[in-house]
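The basis for the numbers below is simple: all heavy atoms, side chains too, and nothing from hydrogens, waters or symmetry mates. The chain is numbered in sequence order, starting from 1. Numbering of ligands and ligand atoms starts at 1, following listing order.
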Amino acid sequence: MNLFEQQSNEFIPRHIGPNDAETKAMLKTIGVKSLAELIDQTVPPSIRMSEPLNIPAAMSEHEYLKHIKEVSAKNKVFANYIGQGYYDTIIPSVILRNVFENPGWYTQYTPYQAEISQGRLESLLNFQTMVSDLTGLPIANASLLDEATAAAEAMTMFFNTLNKQDHVERPKFFVDREIFPQTKDVLYTRAIPIGIEITEGDYKTSAIDKSYFGAIVQYPNDKGSIEDYRDFIKKVHGAGGYVVMATDLLALTLLTPPGELGADVAIGSAQRLGVPLGYGGPHAAFFSAKDDFKRNIPGRIIGISIDAQGNRALRMALQTREQHIKREKATSNICTAQALLANMAAMYAVFHGPAGLKHIAQRIALLTQTVAGAIEERGFELVSDHFFDTIVVRTDDLASIRAKAERQLINLRYLDAKHIGISLDETTDIGDLYDLINCFENDKDPVAFDIHQDAELNHIPGGLSRTSGFLTHPVFNTHRSESQMMRYIKQLENKDLSLNTSMISLGSCTMKLNAASEMIPLGWIHWSRIHPFAPANQTEGYKYIIDELSNYLCEITQFDACSLQPNSGAQGEYAGLLTIKAWHESRGDHHRNVMLIPISAHGTNPASAVMAGMKVVVVKALENGYIDVNDLKAKAEEHAANLSGIMITYPSTYGVYEETVKEITDIIHQYGGQVYMDGANMNAQVGLTAPGLIGADVCHLNLHKTFAIPHGGGGPGMGPICVKAHLAEYLPSHSSIVAEGLPKAMHGAVSAAPYGSASILLISYGYIRMLGREGVKASTEYAILNANYMRARMEGQYDILYTNHNGQCAHEFIVDLRPFKRSGEVEAEDVAKRLIDYGFHAPTMSFPVPGTIMIEPTESEDKAELDRFCDAMLSIREEIKAIEDGNADKKDNPLKNAPHTQFVVMADEWTHSYSRQKAAFPLYYVTLNKFWPSVARVNNTHGDRNLICTCEPMESYMDEKIPSQALSS
Ligand SMILES: Cc1ncc(COP(=O)(O)O)c(C=O)c1O
């Protein structure tokens, strides 16, 4: 490589951990001569990619940042008054710098290991508290994907509450016509496959009877109007149904909250609380409910518990989500959500406090009423007299108003030929009003308007003015100065173990480097201040990224078309299954509804299938972890007439590339089915093989795993789907795209925004451009090398489950801890918690096999870090051995008491049979970089410990556990 090539390729060794000398040593430990030999022994030849990927060569970080700056200039930053659920906002700099731009916050994993996650758990608890207070409902979850999917979650929750799985008495859901169009879009998508009948109408005149299970209204509504829904809610309740109100947290600082109006659920987006527009996301949606629904709320709920010392400790109250999935009908597949963005919104509320939030809302309301008055004075009519931040103006002269607005770089919302919407936000100031009013001015008179600082907000109806308090907890009333706020954020960050402390080897989660150069552009205004419904001629930079990234992903998957709409892996599954369904239906095969799913599949797979209206049939696994091809054949044959397809994960969740995969995909095709591939393990495929080469028809890609989007402590994510050509026309559509004249696809939207959480696509784009075709392939090879190196180091001391006939694993491997239960009463959880004392996050626990851990180091870890982890595991093995040999007590040992806090280790009293040093500094390297857990082992009384980042293990879908009809819609 010459000097210039070296510069272009500089990112590859920065992303990939091991250097040449380390690689050599690691190969030796594994017992192979070269990386090529290892790959030959690992990836079956029949599915190997023969040609290099057709994606560009690598770019240096500097070159990339120059390039992405140039692309960003194609986007035009207008002042956005479009509204419709997306508002410009001011991110307090202290939050921007210390959360949004801080790997200590954005590289965290979902807080399954509660002891090393107390910081984000605390912040998410703040989020829940804020949502609960503002909406006036007692229970809130810790974020959902977006407002539209949150509305759909409420709809399905009501549906399942009031209907029996085998007997639907109440099939109807009322949708007020004045809810956001994108919410309607997603509601229809989600309703149709499970047989919900949506009736759209005017809530004032609707007739609700006992055939309705629920209704949705928006507050303030799509046209900005503040309506009093009390009578309507009574009417729905009178008929035995439930009501969800879509709402706006900022408006609720001034308005009577939904809970006080009688609503059962409130949903909405927390975007305008300090989270950038980003062309549609990522943003946190919220969901709060009456107490009756506490066991059915979708997503994650953070709860307060105690630790082993009796101290307060937070944890995810997983039972809520688990139970939700276990229900006779699975209604939600939520896994990755929007934790980072929920944390940002929570911090915004902590920083501003109740008075600060109210002042922002009052300012917006005052500016809006000033604009409204000035526009009315100029002879225009408004559609509503009751509003907070949004007005809709009637006009016969839309074109000239639009032209004038655009000349001033202003985006208004053009609802139809005669109506213009104007939504103000936190960034609007008095100066902006001149430009805004000028759009409605005759060009002759100077723009003039009156604004009185102390004016009454007389467009908020008296009967709906908020009288109750909110955010009274001290956390929302303490951190006003930047010093206090900075320290609060840091104090929480210090409680959490993230990638800037040590590797997080979570199998199936691919916690690789999230490089700074991939992240930096996200804060630039040409990416962050773009409204998702801005006109196409303002978003050409985004179009460029979307087109290029779609092409790269098609090339990587060897597929033909891509949808970037789904904003998580599970949403990708759902979108992919609807695509398959639409394709079958286009051929007249409406009855094909059986989805085969191997026992090893992730819990989201069956949950998504049920949501898509399919019946799940579970396929067995063999001893070696492979899919049982005979069982598969028998089930495909048995269900041949109704076979929709199969969902497989490749390499399988057991961490092996099954040589039989092509046989499997052939069988499914033979019986008329389609093959869905769960792309969670794509980090073991890129450049070496591809879903298109194993015989799949559609797959999702977790960009927050393989393609470097950070996990954010439980989201954001992106789960685009790629498909073969025959499925292309059935990919998700979106009302905003249809509005721009593009063809309507077979099924509607799965996300609120047309390109999901669009701004984080930049991260994956940057990842591919800086690594280039050689670098992405090398990443896969090193992911396999790192996993096999660790496997080789641990073999002999631990049983490794599921390797291939050459003894190699894929990019992850499973360590069996079950034998230690018998030999020393040691549980998998004890090992996981003891790893914390050694400075590590536990690997994935008990998925896909209970009593095991699954280790996925990724390519980004260097040999020294892998060695530290292996040393920790081997040292723990010695500790287990001491128990087995009777040299350590079965109850009082470092494993059972793990993790050890500073408080415990430094207490005056030490009663344990091992030393304090052994407790806290069991190996030398720990003394150099000690991470102290802030609480001792958290008391999980609800048995959540056997669950990982996800939904219920497949076993619960086996016939004997759930009646088979529960799995059909
Ligand atoms: C195998 C597998 N499938 C699906 C998912 C769901 O993806 P997401 O969390 O993005 O919804 C996961 C998440 O970890 C997974 O490991």
Side-chain angles (χ1 to χ4, degrees), residues 109-112 142-146 149 153 281-282 298-300 316 321 325 330 332-340 504-512 565-577 597-609 611 625 647-656 676-685 691 698-721 750-751 756-757 760 764 810-812 814 843-849 854-856 858 947-954:
Y109 190 65
T110 308
Y112 285 100
S143 80
L144 287 176
L145 291 164
D146 57 39
T149 53
E153 294 291 341
R300 298 167 176 141
M316 287 204 293
R321 189 163 58 93
I325 299 297
S332 173
N333 61 352
I334 295 290
C335 182
T336 290
Q338 303 281 19
L340 182 71
I504 300 180
S505 61
L506 285 159
S508 200
C509 301
T510 317
M511 297 290 287
K512 62 170 63 176
Q565 198 178 111
N567 45 14
S568 73
Q571 291 299 93
E573 291 166 22
Y574 179 65
L577 293 174
I597 304 188
I599 180 82
S600 57
H602 194 266
T604 51
N605 288 190
S608 300
M611 281 166 56
M647 295 181 87
I648 52 169
T649 305
Y650 200 77
S652 80
T653 55
Y654 292 139
V656 279
Y676 182 92
M677 196 203 84
D678 179 328
N681 289 344
M682 203 59 203
N683 213 41
Q685 288 200 34
V698 48
C699 75
H700 79 256
L701 301 169
N702 298 67
L703 298 189
H704 45 301
K705 298 183 180 185
T706 310
F707 296 94
I709 292 176
H711 209 81
M718 275 295 278
I721 53 173
V750 294
S751 302
S757 299
I760 54 176
S764 300
H811 66 313
E812 62 191 5
I814 297 174
T844 294
M845 271 185 65
S846 294
F847 171 76
V849 185
M854 179 159 60
I855 299 174
E856 180 184 358
T858 85
L947 252 247
I948 332 323
C949 89
T950 63
C951 316
E952 180 62 4
M954 277 299 297

Geometric N/O contact [X] with ligand 1, under 3.5 angstrom:
{"X": "G569", "value": "yes"}
{"X": "N605", "value": "no"}
{"X": "C509", "value": "no"}
{"X": "T649", "value": "no"}
{"X": "T653", "value": "no"}

Original post:
Side chain or backbone of T336 under 4.0 Å from ligand 1, or both, or neither, by non-hydrogen atoms?
Top reply: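 The answer is both, backbone and side chain.
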Donor-acceptor under 3.5 Å ([X] side chain, [Y] main chain):
{"X": "T653", "Y": "S600", "answer": "yes"}
{"X": "S751", "Y": "G756", "answer": "no"}
{"X": "Q338", "Y": "P282", "answer": "no"}

Subject >> Over all atoms of both residues, closest heavy-atom pair of N333 and A607 >> reply: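 Taking every non-hydrogen atom into account, CB-CB, 3.8 Å.
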Subject >> For M718 against P566, the heavy-atom pair lying closest together >> reply: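 Minimum heavy-atom contact is SD-O, 3.6 Å.
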Subject >> Pick from Q571, K705, M647, M718: the one approaching atom 13 (C) of ligand 1 most closely through a non-hydrogen atom >> reply: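 Comparing heavy atoms across Q571, K705, M647, M718, the nearest one to atom 13 (C) of ligand 1 lies in K705.
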At less than 4.0 angstrom from any non-hydrogen atom of [X], what atoms of ligand 1 do you find?
{"X": "E573", "value": "3 (N), 4 (C)"}
{"X": "N702", "value": "7 (O), 8 (P), 10 (O)"}
{"X": "A680", "value": "1 (C), 2 (C), 3 (N), 15 (C), 16 (O)"}

Subject >> Side-chain donor-acceptor pair present, E856, T510, cut-off under 3.5 Å >> reply: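 Side-chain D/A pair, E856 to T510: present.
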Original post:
Side chains of N702 and T336: closer than 4.5 Å at any heavy-atom pair?
Top reply: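 The answer is no; the side chains never approach within 4.5 Å.
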